[in-house]
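Step one of this worksheet: look at the structure below.
Every heavy atom of this structure was used, including side-chain atoms; hydrogens, water molecules and symmetry mates were not.
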Amino acid sequence: MSAKIYIVFGGSGVGKTTLINKLVSSDLNLNRIVTYTSRKPRVNEVANQDYFFLSESDFKDKIEKNFFLEFSNAYGNWYGTSKKSFSDNNDKILILDINGVRKLAELFSNIIVINLIASKDILKERIILRGSIDDLDYRLALVEQEAKALINIKNIDILVLNVDLLEDVYQKVYNLIKNK
């Protein structure tokens, strides 16, 4: 596969979906890979656009049928990427957690990880606004652990960007992809 795989990575509330939506609607000709989850949709999420939402039993059925290229359980819910998402040779962009990044790094050599970071105060504010306060401390602690683990993954290029200025982040990522 000679196409690039751009993975947007970062903690809860850092702006991964916002960035991807903006990049996909640009002139970059990126194919967004919509992943699967067993969690319930959030207020503004659209089925089959933000995620393919499945029941836990349907998700586990797909695991048994070897449907996923990668999958993991995070925050008490299942997340996964279908094998067929990688069946063409187009540039792709998707959101993954650390387990997904590890798995794709084992399988592909053309991965660029866009690691979005923000201060704990900003993340905390965004997570609360989103209504995900049940596991707030856990999510904030996980941000640091995953960022450290990301550095140790071989076979990927990493671009670290602070999301305090979202327009600046978008422009940097846009230029990176445009010039690859």
(request) Mind checking the CG-CD1 spacing from Asn110 to Ile5? Nearest 0.5 Å is all I need. (result) 4.5 Å
(message) According to salt bridge (Lys or Arg N to Asp or Glu O under 4.0 Å), does anything in residues 51-62 pair up with another residue at least two apart or in another chain? List the pairs.
(response) Glu56-Lys60, Asp61-Lys65
(message) Ring centroids only, cut at 6.0 angstrom: are Phe71 and Tyr36 within range, meaning strictly under it?
(response) no
(message) Taking Phe86 as the starting point, is it possible to reach Phe52 by hopping between hydrophobic residues whose side chains are less than 4.5 Å apart?
(response) no
(request) Supply the atom-to-atom distance Phe67 CZ to Lys83 NZ, rounded to the nearest 0.5 angstrom. (result) 10.0 Å
(request) First locate atom OH of Tyr51, then atom CG of Asn77, and finally report the distance between them rounded to the nearest 0.5 Å. (result) 9.5 Å
(request) Using atom types as modelled and distance alone, determine if a side-chain donor or acceptor of Asp157 lies under 3.5 Å from a backbone N or O of Ile112. (result) no
(request) Flag yes if Leu94 and Phe68 sit in one hydrophobic cluster, no otherwise; membership is Ile, Leu, Val, Met, Phe, Trp, Tyr, and two members link when side-chain heavy atoms are under 4.5 Å apart. (result) no
(request) Please report the shortest heavy-atom distance between Tyr6 and Leu176, naming the atom on each side. (result) CE2-CD2, 4.5 Å
(request) Search all heavy atoms of Lys154 against all heavy atoms of Ala105 and return the closest pair with its distance. (result) O-CB, 3.6 Å
(message) I need the Leu96 CG to Thr35 OG1 distance, nearest 0.5 Å.
(response) 7.0 Å
(request) Heavy atoms only: give me the nearest Asp50-Asn44 pair and the separation to one decimal. (result) OD2-O, 4.0 Å
(request) Show your reasoning for whether side-chain contact (heavy atoms from CB on, under 4.5 Å) applies to Ile33 and Lys84. (result) CA-CA 10 Å; Ile33 293 177; Lys84 72 178 181 177; over 6 Å; no
(message) Please determine whether side-chain contact (heavy atoms from CB on, under 4.5 Å) holds for the pair Arg32 and Ile95, giving the CA-CA distance in whole Å, both sets of side-chain angles, and the decisive distance to 0.1 Å.
(response) CA-CA 9 Å; Arg32 177 176 182 189; Ile95 298 169; 4.3 Å; yes
(message) If I take atom CZ from residue Arg39 and atom OG from residue Ser55, how far apart are they, to the nearest 0.5 angstrom?
(response) 15.0 Å
(message) Which residues pass the side chain to side chain contact (heavy atoms under 4.5 Å, CB included) test with Asn175, not counting sequence neighbours?
(response) Gln171, Asn179
(request) Decide side-chain contact (heavy atoms from CB on, under 4.5 Å) for Ile98 and Phe9; before the verdict, give the C-alpha distance in whole Å, the side-chain angles of both, and the deciding distance to 0.1 Å. (result) CA-CA 8 Å; Ile98 193 68; Phe9 176 84; 4.0 Å; yes
(message) Taking atom CG as the centre, does Asn152 end up with more than 12 heavy-atom neighbours from other residues, nucleotides or ligands that are less than 6.0 angstrom away?
(response) yes
(request) Examine Phe53 and Trp78 and state if one hydrophobic cluster contains both, with Ile, Leu, Val, Met, Phe, Trp and Tyr joined whenever side-chain heavy atoms are less than 4.5 Å apart. (result) no
(request) Compare every heavy atom of Ser38 with every heavy atom of Phe59, then report the nearest pair and how far apart it is. (result) CD1-N, 4.2 Å
(request) Check the pair Thr17, Val8 against side-chain contact (heavy atoms from CB on, under 4.5 Å), reporting the backbone distance first and the verdict last. (result) CA-CA 9 Å; Thr17 301; Val8 179; over 6 Å; no
(request) To the nearest 0.5 angstrom, please state how far the CD1 atom of Ile153 sits from the CD1 atom of Ile158. (result) 7.0 Å
(request) Flag the pair Asp27 / Tyr174 as yes when at least one side-chain heavy-atom distance between them is below 4.5 Å, and no otherwise. (result) yes
(request) May I ask you to test the Ile7-Lys16 pair for a side-chain heavy-atom distance under 4.5 Å? (result) no
(message) What I'd like to find out is whether the side chain of Asp97 reaches to under 4.5 Å of the side chain of Ser72, using heavy atoms alone.
(response) yes
(request) Check the hydrophobic clustering (I, L, V, M, F, W, Y; side-chain heavy atoms under 4.5 Å; chains of links allowed) and say if Leu54 and Tyr79 are grouped together. (result) no
(message) Do Val34 and Leu23 land in one hydrophobic cluster if side-chain heavy atoms of ILVMFWY residues count as linked below 4.5 Å?
(response) no
(request) Might you point out which heavy atoms bring Asn90 and Asp88 nearest each other, and give the distance in Å? (result) N-OD1, 3.1 Å
